[in-house]
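To find a chain, count down the sequence lines: A is the first, B the second, and so on, and within it residues start at 1.
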Protein chains: 2
Amino acid sequence: MKHETIRHSFEEFLKTKGLRLTRQRSRIFEKAFACHDHFTAETFLGWLTAEEVSKADRVSRATVYRTLGLLADGGFLELLDTGSGEAHYEHVLGHRHHDHLICTSCGRIEEFVDEKIEELQAEIARSHGFELTSHDLRLMGICKSCRRKAKTNVSA
Amino acid sequence: MKHETIRHSFEEFLKTKGLRLTRQRSRIFEKAFACHDHFTAETFLGWLTAEEVSKADRVSRATVYRTLGLLADGGFLELLDTGSGEAHYEHVLGHRHHDHLICTSCGRIEEFVDEKIEELQAEIARSHGFELTSHDLRLMGICKSCRRKAKTNVSA
DNA sequence: GTATATGCAAACTGTTTGCAGGTGA
DNA sequence: TCACCTGCAAACAGTTTGCATATAC
């Protein structure tokens, strides 16, 4: 999907909901889709603040929280719960659904998809009488580079 | 595993860590293993308070948080992140590892195990160079009884 | 023009922590 | 005895909210 397509769909989304396209919402939208990484609301606020050129660009903490929530509601961002206590977001463009590997040592997040797991999940939900709306599979462990580091420290 | 066995292993755990078996820890331990359900720290505190007979039984909020954390560290309780913002706990006795189906409508939690999914996860971690320490698979959806209720409301 | 958004700061929720006094080994 | 525990209340982090002002439509 091209950027302008999703931008258009964002504007449509606002329109149908009777919401206004403000300078802040536009900036937040653009930034969220320019970033191909996971981020927290606070990190995101930091980026916006850092990139602030004129006073007119200012976006407040409250608006960041409100707008990220809005984008998640609209399906433009996905909420990703890493168990750290903070909400992580990631945009949906290009990414199709995927699950996460989380390094508990450095916080690094990698993505993966496994069709067979997806199928098995659907089957399990069905057999329990659940109508599946979403799922969240997180594999926690130590990533390659942290393992290497740990090894070096021990032998040193 | 019998209750007295796990109780013994809890006492051993405290001993090896140089921790004391206090009235409060004992009460919390007993209650946690008497309850075969998931619970949050606040709910748990509520139970303890409700069951309080004499003043000597009192357990404070801080102690509940501290002790549930302790029990989780010791592997007596498992921390379960439902995405609700609160930590949920469940005891480990009898339960072997399992994953969860969560009803987003009523909060109901069901458990399941799927060996094939477990294997696939291990394989994925391996192929990404991760050393897997744990995982968390949550299937979110609408449970049978909520779906029934929803249907009734629509047709009514 | 006016309903909707924003920024600010204060409120809130779940959880942690410092400290003075209590208690188990 | 004395280190460890507890209860309390205050601190915390992340997030939400009420309100007066500003702004998109």
Side-chain N or O of A:Ser60 less than 4.0 angstrom from OP1 or OP2 on C:dC8? no
At their closest point, which heavy atom of B:Arg20 faces which heavy atom of B:Leu14, and how far apart are they? O-CD1, 3.9 Å
Salt bridge or not between B:Arg7 and B:Glu30? Use side-chain N to carboxylate O under 4.0 Å. yes
For a quick check, with a 4.0 angstrom heavy-atom cut-off, what is the B/S/- contact string for nucleotides 15-25 of chain C, read 5' to 3'? BBBB----BBS
I need the CG-P distance between B:Leu68 and C:dG14, as an integer number of Å. 15 Å
Rounded to whole Å, please give me the gap between CZ in B:Phe44 and P in C:dG14. 17 Å
Measure CZ/B:Arg27 against C1'/D:dT6 and give the value in whole Å, please. 14 Å
Using atom CZ of B:Arg58 as one end and atom C1' of D:dC8 as the other, report the distance to the nearest whole Å. 12 Å
Parallel, tilted or perpendicular: ring planes of A:Phe33 versus A:His91, cut at 30 and 60 degrees: parallel
Could you check whether any side-chain heavy atom of B:Glu110 comes within less than 4.5 Å of a side-chain heavy atom of B:His100, counting everything from C-beta outward? no
How long is the line joining CG of B:Leu70 and C1' of D:dC4, in whole Å? 13 Å
Is a salt bridge present between A:Glu51 and A:Lys31, judged by a nitrogen-to-oxygen distance below 4.0 Å? yes
d(CG, A:Leu48; P, C:dT6) in whole Å: 13 Å
To the nearest Å, how far apart are A:Gln24 CD and C:dT4 C1'? 12 Å
Picking from A:Ile102, A:Asp99, A:Leu139, A:Leu101, what satisfies side chain to side chain contact (heavy atoms under 4.5 Å, CB included) with B:His135? A:Leu139
Stepwise side chain to side chain contact (heavy atoms under 4.5 Å, CB included) check, A:Phe76 with A:Ile6: CA-CA 8 Å; A:Phe76 298 96; A:Ile6 194 136; 4.1 Å; yes
From the options B:Thr67, B:Thr22, B:Leu48, B:Thr49, select the one residue that forms a side chain to side chain contact (heavy atoms under 4.5 Å, CB included) with B:Val59. B:Leu48
Could you tell me how the ring of B:Phe10 sits relative to the ring of B:Phe29: parallel (under 30°), tilted (30 to 60°) or perpendicular (over 60°)? parallel
B:Leu45 atom CG is separated from D:dT6 atom P, nearest whole Å, by 14 Å
Divergence of helical axes at both termini of the helix from C:dG1-D:dC25 to C:dA25-D:dT1 - five pairs an end, 10° steps: 30°
